[in-house]
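What follows is a single structure, written as structure tokens, with notes after it.
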Amino acid sequence: MNAPLPPLLPRDFFDRPVDEVAPALLGQVLRHRTPDGDVAARLTEVEAYAGPLDPASHAYRGRTARNAVMFGPPGHAYVYFTYGMHFCMNLVCGPDGTSMAVLLRAGEIVAGEDVARERRPRSSVRDLARGPARLCQALGIAREQNGLDVCAPDGSLTVHAGEPADPALIRTGPRTGVNGAKEVPWRFWIDGDPTVSPYRPHVPRQRKKSVPTRGGR
DNA sequence: TTTAGGATAGTCT
DNA sequence: GACTATCCTAAAT
């Protein structure tokens, strides 16, 4: 039922610096095969994390049990759990050990839309994969997919050569307030694509709870 | 329409 | 103990 997908991206594709891989990923197709069915998304928004140079990177403070995949060879998925309920997915790139990765922030569902809808019944079609955690939910990506080789021909989680995004439509946005690798643009997205989330100004999360210092409850 | 705040659990200091 | 590369809902306009 599903149309045959284009060939896999070679590992070579990921064995480059993040600022090359990230924009090149726009328009490529991420597919996840599950017992529920196959779902594929065309990537429309990504964000680069330059390893130890980026204070916001999980790799900034060195290798830990959680981020170990980032320090491995390129072409692998780094999936992490955050905010107590969400998963986000990165693609490791750069030479082995450099801990660079690209966060997949948004995509457009191009196959398996019915399956994705079942997973996110309350989402409009446009919102199915609009956001890093939504993308993972729509594709059924969770902790089990951490460390998977997305270049493996028989792999369940793979990246395929999609129609590359028009270079004229690729926009970049450096993050304000982050130093190190200043000339590297951090965000990449396809201008005008409805599945790209609107730019959100750097909003530090404010703590809500006051500490219950005095006895009580 | 925009904005604000709550929820949730794994990870690191 | 405090933080997080987030999402969803409710309330206000």
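These figures come from a predicted structure and were not determined experimentally. The sequence lines fix the lettering, A, B, ..., with proteins before strands; numbering per chain opens at 1.
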- Message: One thing to verify: whether R42(A) and D193(A) come together as a salt bridge, which I'm taking to mean a side-chain N less than 4.0 angstrom from a carboxylate O.
- Response: yes
- Item | Given L157(A), V150(A), V39(A), D38(A), the one that forms side-chain contact (heavy atoms from CB on, under 4.5 Å) with H32(A) | L157(A)
- Message: Quick check for you: among dA7(B), dG10(B), dT6(C), whose closest atom lies nearest to any side-chain atom of A133(A)?
- Response: dT6(C)
- Message: Please check: side-chain N/O of R117(A) versus main-chain N/O of E113(A), any donor-acceptor pairing under 3.5 Å?
- Response: no
- Rounded off to whole Å, could you give me the CG-to-C1' distance for the D127(A) and dT9(C) pair? 14 Å
- Item | Gap separating the CZ atom of R105(A) from the CZ atom of F188(A), nearest 0.5 angstrom | 13.0 Å
- Message: Nearest 0.5 Å, please: how far is CG in L139(A) from OG1 in T34(A)?
- Response: 9.5 Å
- Query: Please give, in whole Å, the distance from dA5(C) P to M100(A) CE?
  - Reply: 20 Å
- Mind calculating the distance between CG (L91(A)) and C1' (dA5(C)) to the nearest angstrom? 14 Å
- Quiz item: Y80(A) side-chain donor-acceptor pair to dA5(C) base, under 3.5 Å: yes
- Message: For Q137(A), run the side chain to side chain donor-acceptor pair (under 3.5 Å) check against H86(A), R120(A), R119(A) and tell me which one passes.
- Response: R120(A)
- Query: Does the distance from a Lys or Arg side-chain N to an Asp or Glu carboxylate O, for R122(A) and D127(A), drop under 4.0 Å?
  - Reply: no
- Task: In whole angstrom, give the distance that lies between atom CZ of F87(A) and atom P of dT11(B).
- Result: 10 Å
- Task: Calculate the interatomic distance between Y83(A) atom OH and dT6(C) atom C1'; express it in whole Å.
- Result: 6 Å
- Got a sec? Which of residues 58-71 of chain A come in under 4.0 Å of DNA chain C, heavy atoms? H58(A), M70(A)
- Closer than 4.0 Å, any side-chain N/O of R134(A) to the OP1 or OP2 of dC8(C)? yes
- Do V102(A) and I170(A) belong to the same hydrophobic cluster, where Ile, Leu, Val, Met, Phe, Trp and Tyr are linked whenever their side-chain heavy atoms lie under 4.5 Å apart, directly or via other members? yes
- Distance in angstrom units between H86(A) NE2 and dA7(B) P, rounded: 13 Å
- Message: Given a 3.5 Å cut-off on both pairing distances, which stems involving DNA chain C, each at least three consecutive Watson-Crick or G-U pairs, are present, if any?
- Response: B:1-7 with C:6-12, B:9-12 with C:1-4
- Can you list, by residue number, the residues of residues 117-125 of chain A that have a non-hydrogen atom closer than 4.0 angstrom to DNA chain C? R120(A), R122(A)
- Output yes when a side-chain donor or acceptor of Q28(A) lies under 3.5 Å from a complementary backbone atom of G162(A), and no otherwise. yes
- Lys/Arg cation over aromatic F13(A): R16(A), 6.0 Å, 45° cone: yes
- Round to the nearest Å and state the distance from F81(A) atom CZ to dA7(B) atom P. 16 Å
- Message: Rounded to whole Å, please give me the gap between CE in M85(A) and C1' in dG6(B).
- Response: 8 Å
- Note on the structure: Minimal heavy-atom distance between P74(A) and D96(A), with the atoms involved, is CD-N, 4.2 Å
